[in-house]
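What follows is one structure encoded as structure tokens, with my remarks underneath.
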Amino acid sequence: MKNIVILGAGTGGTMMANKLRRELDRGEWNITVIDRNNQHVYQPGLLFVPFQMLKPSEIVKSRTEFLPTGVDFVIDEIARIDTAANTVHTVGKKKFPYDVLVIATGCRLAPEEIPGMVEGMQNNVHDFYTIEGAKRLSKAMDHFEGGKIVMHISEMPFKCPVAPIEFVFLADWYFQERGIRDKVEIEFVTPLGGMFTKPVATRVFSSAAEEKGINITTDFAITDVLTESNEIESADGKRVKYDLLVTIPPNMGSQFLFDSGVTDELCWMNTDKHKLKAVNHDNIYVLGDATNVPTSKAGSVTHFESEILCENILAEIEGKSANADFDGHSNCFIESGFKKAYLIDFNYEQEPLIGKFPLPAVGPFDLLGDTEINHMGKLMFKWTYWNVLLKGTEIPVVGPGMSMLGKKAI
Ligand SMILES: Cc1cc2nc3c(=O)[nH]c(=O)nc-3n(C[C@H](O)[C@H](O)[C@H](O)COP(=O)(O)OP(=O)(O)OC[C@H]3O[C@@H](n4cnc5c(N)ncnc54)[C@H](O)[C@@H]3O)c2cc1C
């Protein structure tokens with residue numbers, strides 16, 4: 001019997017377990033999935049909790065609901081990979097030898113990296129990247145009667161780089177709905193030179209922010225959260241005042257990967273950006289937020305990567321070469337408030353374009369357009385995630401590579 005061990009039962013690990021279990025002979029291949037708990041969070045739903053658009057109970061389910069039969073699911077904290085002995089060790093002192101290892105351990109939040117951030121989180125500093133954070137922020141938003149809200153990004157890279165943009169657009173809508181928008185100042189503070197990593201999309205989002213009366217502060221490399229004065233401070237001495245700070249704390253990969261000697265200094269897996277293999281480790285494959293590949297850390301990316309990885313792992317198991325290459329394809333809906341959303345589609349080489357998605361000329365979604373149908377797509381995504389994507393089912397007409405059909409630059 002040979003062993004495939006999958007680390008992480010989030011988006012990527014669950015998709016891979018389903019795809020590989022369907023394809024591989026049960027008498028020949030054992031599949032083990034390890035995660036620290038049995039709670040699968042639909043993370044895109046975290047954005048909606050602070051605006052009372054979704055309840056926390058609607059976005060958390062048991063992991064076992066989505067893992068296939070014929071897979072061993074182990075709940076334990078992963079402690080270390082011994083790459084020389086092809087063995088995974090857990091904190092619970094279990095050992096899992098592997099022939100093939102798939103790493104899908106995502107991101108961890110590291111607020112402790114910024115002095116004052118953890119302390120501020122006892123008071124008026126918030127995040128919405130965890131269930132607890134999103135719940136606490138929901139209460140704070142509900143009680144907010146006026147003042148300055150700052151949406152702040154600590155550093156790059158972080159998962160779902162459009163989420164803070166969506167947060168400020170939804171905040172503008174939310175306070176208009178509550179009839180107090182004139183009492184609320186909204187500021188977006190980023191270490192980047194603009195709202196997003198891609199110049200074309202940045203132009204579109206910045207002009208929307210201007211129309212919505214949202215201020216943008218760029219090139220802000222945070223050093224401290226000054227909880228006494230309610231300010232954040234940057235390396236070059238700039239200060240931004242807040243009444244309510246919503247922050248994206250530093251995101252890092254798993255510490256155990258760093259301790260196992262397979263990552264860069266921020267604990268991201270050193271990964272071949274086309275083959276999605278761990279650099280210098282022929283039997284270790286990586287997908288999702290854990291990689292250091294230069295595209296967005298997003299569920300859509302994780303989904304496209306799972307298709308490439310599954311094809312390549314099956315080929316290599318059969319002694320053939322891994323021919324599928326990942327192109328960095330990313331596809332994200334961006335909520336803009338008032339039941340509308342944008343959609344962007346890009347890859348390693350290609351900036352977001354205008355056109356229709358997924359079918360050229362037909363759509364129904366509008367690339368770089370701010371439309372109601374895109375908002376419907378974002379809402380529908382929850383159902384698609386639980387019922388189609390996690391089960392590793394391929395979506396007709398949406399392949400892993402970016403299609404250029406019917407699209408053009410603006
Ligand atoms: C607020 C928010 C909004 C988002 N919106 C979107 C969106 O609209 N569209 C989109 O495409 N993406 C979105 N994303 C991003 C998307 O959710 C992630 O990119 C995706 O879930 C990554 O999948 P993953 O498998 O790499 O990591 P995850 O799904 O996070 O899974 C990692 C798993 O590894 C486990 N793990 C880690 N370390 C250990 C350890 N040492 N021991 C045991 N288990 C461990 C964790 O418990 C976790 O279950 C959003 C994310 C957030 C936070």
Side-chain angles (χ1 to χ4, degrees), residues 5-17 33-50 54 59-60 63 66-67 73-81 88-92 94 102-109 127-131 133-134 137 157-167 170 246 248-249 251-260 267-269 271 276 286-291 293 295-306 309 329-335 341-345 374 377-379 381-382 384-385 389-390:
V5 176
I6 300 176
L7 305 186
T11 310
T14 306
M15 287 177 187
M16 288 304 291
V33 185
I34 311 175
D35 203 299
R36 57 166 66 101
N37 62 35
N38 191 18
Q39 278 203 324
H40 191 125
V41 178
Y42 170 64
Q43 297 179 49
L46 291 168
L47 169 74
F48 295 118
V49 172
L54 279 178
I59 60 170
V60 186
R63 296 190 196 279
F66 303 97
L67 290 168
F73 178 46
V74 176
I75 298 180
D76 205 340
E77 182 77 22
I78 304 151
R80 176 170 73 87
I81 308 168
V88 174
H89 296 257
T90 67
V91 169
K94 295 190 198 106
V102 177
I103 297 181
T105 42
C107 286
R108 79 187 143 97
L109 303 181
D127 85 279
F128 62 95
Y129 269 39
T130 59
I131 283 281
L137 179 55
F158 64 98
K159 66 177 150 185
C160 198
V162 294
I165 302 172
E166 298 182 278
F167 186 89
L170 285 175
V246 184
I248 310 289
N251 280 210
M252 295 171 84
S254 289
Q255 184 63 41
F256 83 88
L257 293 173
F258 181 83
D259 298 340
S260 307
C267 310
W268 305 119
M269 282 294 299
T271 311
L276 304 173
V286 198
L287 80 164
D289 298 344
T291 75
V293 303
T295 187
S296 286
K297 295 191 182 297
S300 60
V301 171
T302 312
H303 163 227
F304 299 139
E305 288 173 337
S306 75
L309 265 196
H329 189 195
S330 178
N331 183 270
C332 300
F333 289 107
I334 297 107
E335 280 290 295
Y342 294 93
L343 176 64
I344 53 172
D345 192 48
N374 287 347
K378 176 101 181 178
L379 296 189
F381 190 66
K382 177 157 79 79
T384 312
Y385 182 83
L389 290 179
L390 283 186

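For ligands, and for the atoms within them, numbers begin at 1 and follow the listed sequence.
- Between Val293 and Val301 the shortest side-chain heavy-atom distance does not fall below 4.5 Å.
- Scanning the protein for heavy atoms near atom 16 (C) of ligand 1, the closest one is Gly299 N, 3.5 Å.
- Ligand 1 has a nitrogen or oxygen under 3.5 angstrom from a nitrogen or oxygen of Asp289.
- At under 3.5 Å, a nitrogen or oxygen of Arg63, whether backbone or side chain, sits near a nitrogen or oxygen of ligand 1.
- When each atom of ligand 1 is checked for a heavy atom of Gly288 under 4.0 Å away, the hits are 26 (O).
- Atom 35 (C) of ligand 1 has its closest protein heavy atom at Asp35 OD2, 3.2 Å.
- Closest to atom 42 (N) of ligand 1 among all protein heavy atoms lies Ile78 N, 2.9 Å.
- Inter-residue side-chain proximity for Ser254 and Ile78 is flagged as unmet; no heavy-atom pair is nearer than 4.5 Å.
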Checking Asp345 against His329 for the side-chain contact (heavy atoms from CB on, under 4.5 Å) test, could you report, in this order, the C-alpha distance in whole Å, the side-chain angles of both residues, the deciding distance, and whether it holds?
CA-CA 7 Å; Asp345 192 48; His329 189 195; 2.7 Å; yes
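- At least one N/O-N/O distance between Gly12 and ligand 1 falls below 3.5 Å.
- If you look at Asn331 next to ligand 1, there are no close heavy atoms at all, none under 4.0 Å.
- Protein heavy atom nearest atom 7 (C) of ligand 1, with residue, atom name and distance: Pro44 CG, 3.7 Å.
- The side-chain heavy atoms of Ile59 and Ile131, taken from C-beta on, include a pair separated by under 4.5 Å.
- Backbone and side-chain nitrogen or oxygen atoms of Phe333 are examined, and none is located within less than 3.5 angstrom of a nitrogen or oxygen of ligand 1.
- Taking only non-hydrogen atoms, the option from Ala163, Gly45, Ala104 nearest to atom 32 (C) of ligand 1 is Ala104.
- With contacts defined as side-chain heavy-atom distances shorter than 4.5 Å, the pair Thr14/Leu67 qualifies.
- Within ligand 1, counting atoms from 1 as listed, the ones closer than 4.0 Å to a heavy atom of Ser254 are 37 (C), 38 (N).
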Is there a side-chain contact (heavy atoms from CB on, under 4.5 Å) between Phe304 and Thr295? Walk through the geometry before answering.
CA-CA 12 Å; Phe304 299 139; Thr295 187; over 6 Å; no
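- Near Lys297, meaning under 4.0 Å from one of its heavy atoms, ligand 1 places the atoms 19 (O).
- Against a heavy-atom cut-off of under 4.0 Å, Phe256 is close to the following atoms of ligand 1: 41 (N).
- For Lys378, the heavy-atom gap to ligand 1 drops under 4.0 angstrom.
- Note that NE2 of His303 and OG1 of Thr384 are 10.5 Å apart. Values are rounded to the nearest 0.5 Å.
- Looking at atom 37 (C) of ligand 1, its nearest protein heavy atom turns out to be Thr105 O, 3.2 Å.
- Of the options Gly8, Cys107, Gly106, the smallest heavy-atom separation from atom 27 (O) of ligand 1 is shown by Gly106.
- For Phe381, no nitrogen or oxygen atom sits less than 3.5 Å from a nitrogen or oxygen atom of ligand 1, counting backbone and side chain alike.
- To the nearest 0.5 Å, atoms CG (Leu109) and CZ (Phe158) are separated by 11.5 Å.
- Side-chain contact between Arg63 and Val33 is absent, with no heavy atoms from C-beta onward closer than 4.5 Å.
- Closest heavy-atom approach to atom 13 (C) of ligand 1 within the set Pro50, Ser306, Cys160, Ala134: this belongs to Cys160.
- At least one N/O-N/O distance between Arg36 and ligand 1 falls below 3.5 Å.
- Taking distance alone, with nitrogen or oxygen atoms compared against 3.5 Å, Gln43 approaches ligand 1 more closely than that limit.
- In this structure, Tyr385 and His40 have side chains that are in contact, with non-hydrogen atoms separated by less than 4.5 Å.
- Here the protein heavy atom with the shortest distance to atom 23 (O) of ligand 1 is Thr11 CB, 3.3 Å.
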Going through the checks in order, is the side-chain contact (heavy atoms from CB on, under 4.5 Å) test met by Lys159 and Ile248?
CA-CA 9 Å; Lys159 66 177 150 185; Ile248 310 289; over 6 Å; no
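- Close approach of ligand 1 to Glu77 (heavy-atom distance below 4.0 Å) involves ligand atoms 40 (C), 41 (N), 42 (N).
- Protein heavy atom in closest approach to atom 31 (O) of ligand 1: Gly10 CA, 3.4 Å.
- Side-chain contact check for Val162 versus Tyr342: every heavy-atom pair is 4.5 Å or farther apart.
- Side-chain contact between Trp268 and Lys297: present, with at least one pair of heavy atoms (C-beta onward) separated by less than 4.5 Å.
- Between Tyr42 and Phe381, the ring planes lie tilted relative to each other; the angle falls in the 30° to 60° range.
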